[in-house]
Structure formats: structure tokens, C-alpha cells
Protein chains: 2
Amino acid sequence: MDLRITGGFAPPGHNHRRCIVDAMDRAAQVCAARGARLTPQRRRVLELIWSSHKPVGAYGLIEQLSESGQQVAPPTVYRALDFLLANGLVHRIERLNAFVGCPEVEQDHAPQFLICGDCGDVAELREQSVEAAIAAGARSAGFVGWRASVEVVGVCPECAGGISP
Amino acid sequence: MDLRITGGFAPPGHNHRRCIVDAMDRAAQVCAARGARLTPQRRRVLELIWSSHKPVGAYGLIEQLSESGQQVAPPTVYRALDFLLANGLVHRIERLNAFVGCPEVEQDHAPQFLICGDCGDVAELREQSVEAAIAAGARSAGFVGWRASVEVVGVCPECAGGISP
DNA sequence: TCCAATACGTTATAGTATAACAAATAGTGT
DNA sequence: ACACTATTTGTTATACTATAACGTATTGGA
Ligand SMILES: [Zn+2]
Ligand SMILES: [Zn+2]
Ligand SMILES: [Zn+2]
Ligand SMILES: [Zn+2]
């Protein structure tokens, strides 16, 4: 267990508590290194996003934040999300208007997301060949200075292999 | 001019009237072939989407439809869009919540979109190598039954080569 | 301590999308 | 032509997503 999750889906039996702890550690480290302030608010939002491997919407976060204590308004959570996105701690899934934690926060990247339409889990891939193929297509069209988002909807191994043959 | 536009950006001097006419012809043909009803409403929405190579939002369409005559409510245009999407006559750009006409309506496909962040024009690409690379990544993750959306934001050749060096 | 920058709170509003139900219209068979 | 059925369209209300604008509080450094 406790396998590295980048490159595939988190195994069903994995120690997710560890995912969270590691993510928060990496976040603290990265923010300290670049002088970014990981305030309690931002920390709390990042924890909530990492509560699973499923993308979370902004209003889902607002709801969860508002449970324990005072009401939280949209700008608060959107500002936290802006910070986390700007520092590469979370990614935005465009087609879902939702956010997932990034397991590789060291350098900036534009990964491919595998989204299970069944359970909702998301895996982050970084296939060099995908970026290379896109680069070739972009070059042939004279397209420059680009950044690609790749979102793949399908069925994860767990949902596929489980019940239905 | 009058070059085929699939595979790259429409040239600046091209006869866009021809783009529209061709698109409407293809739509009529496809719908007739499969017994789908291209009603005046749907036809009008498709024409508006093809009025340029820039994606159009649903509420932009509502505004344009409401100009000439009676008020049009959201469900009307969303239903037309559902029809056009279901029949592959338009594509949805997820990151823009907007829609573009499809220049290759014959068979179902999941293309790559090049989106100029400067002028807003969109080019539809169908690089086999991109799909192959994604397929390889998906296979290695045990991901099945998938469909990918690839959206690339950058600068089109016209905006890149024109004024600024 | 004072200052400037950053972060947070609050209210209102913009933008995107769908639910639910009624009315009209188009195809189908008699 | 007629009734019947399915599809399309109209209408109202509402849900969901995101940002503008402005004021207050906190932070970190001169
Ligand atoms: Zn986990
Ligand atoms: Zn990442
Ligand atoms: Zn054109
Ligand atoms: Zn297409």
C-alpha cells in the first residue's frame, strides 16, 4: 500500500490519511520556499479539497466551511482557490467547474486528467508523449505560446473491473 | 483562397460566407440522412454559431435571437444547442462555456481545439498521434471507455506574426 | 511606531444552466 | 379529413458558478 499516486488512480485500499498529510507538507514546504503565505483559511480549503480524490466545487467548499461555525461567502473561498491555483497546489477541472489537489507541486505543469464518470475519482497523468503530440499539431498550425488542458472522461479500473464483466 | 479549414486556423482573407453556406449544407445533409429535424430555430442557432470562428456563449445567442423580434428564453437556445451537440454539428469548448461549429460532421470525433487567447478564433485539429498518446496513458492506468477533450490556449499565427515581433 | 502591502469580510450582482409544466406543431395511420 | 401520438417550443421559476466593489483587519518591514 501507500503507493505513489501520480500516474494512475489511487488504489482503493490506500492510506488516504497519508495523501492528505503529504499534500499539506508539500504545500507548507513550497509556500515557505517562495514566501507565499499559507494562511489557516487557505490551509483549510486545501485540506477539504484533499479530503478525497474527487474534484470539489467552490460551493461545496463553501458549504463545508460554513458547517463549523460562521457563514463563509463565495469571495472567500474563490480567493483561497486563486491562491492555491497560482501556487500549483490544486488544479481546476474545466468540464466540472471543480478542483483537485495536485500530487506534484514542485514545478509548473499541464497534466492530463483521467476522470471516472462512475465514481468521480480523478487521476493526474504526465505523459510526455501527449504533450509532444500536441506540440507537433500546434506547430503545424503555427500556434505559439500555448498551454494545453487534457481531460479524459471514462471508467477507472476499480469501477470497470469490479462488478460488471 | 477558400481553403479547407480543418487542421488549422481559417486564413484572415478567406471567404467566410462560404464557411457558413457549406456548414448549413452539411447540416441539412446529415440531418436528412439520419431523420433528425433541423427546424428553423435550430437552423438559426447554427447560423449564429457559424457567424464567426469564435466560440459563442448560450446567452450571447439568446441576445442575438432576441434582437429580431420576440424574446427568447434560455431553455429554447439550450435545447437547440443540445440538438446540435447530439448531432455533432457543434462542439462545446469546456473552458469557455461556449460553442463552435464543427467543420467535419460526417462521423463522431473528439478533436483538439486551438484557442487563440488574443483574437478568440478557434481551430479544430484531429491529430491521430494525440489520441494515440492519450490512449497509451489511459491504458497504462487501466482506464477504459474514455473520451478526451483537448483544449489548447495560445496565440494563433495571425496574432503572432502580425504586429508584435 | 508608522506605513504599505496583503489578506479577509460583506453585500450585491453577473453569468451559466436546468426543472417543471403548458401549449403548439409535426408525423402516422385510419 | 380525422384522431392519435411523439416531438418541439413556450414560459416561469430556480439552481449553480463566479466576480465587482468597497471596507476592515492583519501582517511584515522601514
Ligand atoms: Zn488518497
Ligand atoms: Zn498537478
Ligand atoms: Zn470562415
Ligand atoms: Zn468537429
Side-chain angles (χ1 to χ4, degrees), chain A residues 27-28 31-49 54-87 89-100 120 149 151, chain B residues 27-28 31-49 54-87 89-100 120 149 151:
Chain A
C31 288
R34 61 181 71 157
R37 286 154 63 180
L38 186 62
T39 63
Q41 286 253 32
R42 293 163 172 172
R43 204 179 162 77
R44 180 87 185 100
V45 169
L46 185 57
E47 282 170 354
L48 286 174
I49 289 174
K54 307 184 199 308
V56 192
Y59 280 73
L61 292 168
I62 291 171
E63 198 172 350
Q64 293 184 262
L65 287 168
S66 297
E67 277 174 7
S68 54
Q70 80 289 10
Q71 190 72 4
V72 174
T76 298
V77 65
Y78 276 104
R79 284 193 281 233
L81 288 169
D82 285 346
F83 173 88
L84 297 172
L85 285 167
N87 287 281
L89 301 174
V90 304
H91 293 292
R92 176 184 169 89
I93 309 293
E94 297 293 343
R95 74 167 45 236
L96 301 178
N97 298 325
F99 306 84
V100 285
S149 62
E151 298 177 356
Chain B
C31 288
R34 63 181 69 157
R37 287 154 62 181
L38 187 60
T39 63
Q41 285 255 33
R42 293 162 172 175
R43 205 179 162 76
R44 181 87 185 100
V45 169
L46 184 57
E47 281 170 355
L48 286 175
I49 289 173
K54 306 184 200 308
V56 193
Y59 279 73
L61 293 167
I62 291 170
E63 198 172 351
Q64 291 184 262
L65 288 168
S66 297
E67 277 174 8
S68 54
Q70 81 288 10
Q71 191 72 4
V72 175
T76 299
V77 66
Y78 276 103
R79 283 191 283 233
L81 287 169
D82 285 346
F83 173 88
L84 297 173
L85 286 168
N87 286 279
L89 302 175
V90 304
H91 293 293
R92 177 185 168 87
I93 310 292
E94 297 293 345
R95 75 167 44 238
L96 300 178
N97 299 324
F99 306 85
V100 285
S149 62
E151 298 177 355

Among [options], which nucleotide has an atom closest to any side-chain atom of [X]?
X: B:Pro74; options: C:dT18, D:dT17, D:dT11; result: C:dT18
X: A:Ala73; options: D:dT17, D:dG10, C:dT10; result: C:dT10
X: B:Pro75; options: D:dT12, C:dT16, D:dA20; result: D:dT12

Gap between atoms [atom1] and [atom2], on [X] and [N] respectively (whole Å):
X: B:Leu61; N: C:dA17; atom1: CG; atom2: C1'; answer: 14 Å
X: A:Leu81; N: D:dT17; atom1: CG; atom2: P; answer: 12 Å
X: B:Arg79; N: C:dC21; atom1: CZ; atom2: C1'; answer: 11 Å
X: B:Ile62; N: C:dT18; atom1: CD1; atom2: C1'; answer: 12 Å
X: A:Leu65; N: C:dC8; atom1: CG; atom2: P; answer: 12 Å
X: B:Phe99; N: C:dG15; atom1: CZ; atom2: C1'; answer: 13 Å
X: B:Phe83; N: D:dT8; atom1: CZ; atom2: P; answer: 7 Å
X: B:Leu84; N: D:dT9; atom1: CG; atom2: C1'; answer: 15 Å

Measuring only between side-chain heavy atoms, which start at C-beta, is [X] closer than 4.5 Å to [Y]?
X: B:Asn87; Y: B:Leu38; result: no
X: A:Arg92; Y: A:Leu81; result: no
X: B:Cys31; Y: B:Leu89; result: yes

Counting only side-chain N and O atoms of [X], is one of them less than 4.0 Å from OP1 or OP2 of [N]?
X: A:Arg92; N: D:dA18; answer: yes
X: A:Thr76; N: C:dG9; answer: yes
X: A:Asn97; N: D:dA18; answer: yes

Would you say whether B:Tyr78 stacks on C:dT18? The test is a distance between ring centres of less than 5.5 Å and an angle between planes of less than 30°. no
Using side-chain contact (heavy atoms from CB on, under 4.5 Å), reason through A:Leu48 and A:Arg44 one step at a time and then give a plain yes or no. CA-CA 6 Å; A:Leu48 286 174; A:Arg44 180 87 185 100; 3.8 Å; yes
Regarding D:dA15, can its base be found pairing with the side chain of A:Tyr59 as donor and acceptor, where the two atoms are less than 3.5 Å apart? no
Among residues 36-45 of chain B, which residues get a heavy atom nearer than 4.0 Å to DNA chain D? B:Arg37, B:Thr39, B:Gln41, B:Arg42
Test side-chain contact (heavy atoms from CB on, under 4.5 Å), reference B:His91, set B:Leu84, B:Ile49, B:Val100, output is B:Val100
Whether the side chain of A:Gln41 engages the backbone of A:Thr76 through a donor-acceptor N/O pair (distance < 3.5 Å, no angle test) should be reported. no
Main-chain N/O of B:Arg37 paired to B:Arg42 side chain as donor or acceptor, under 3.5 Å: yes
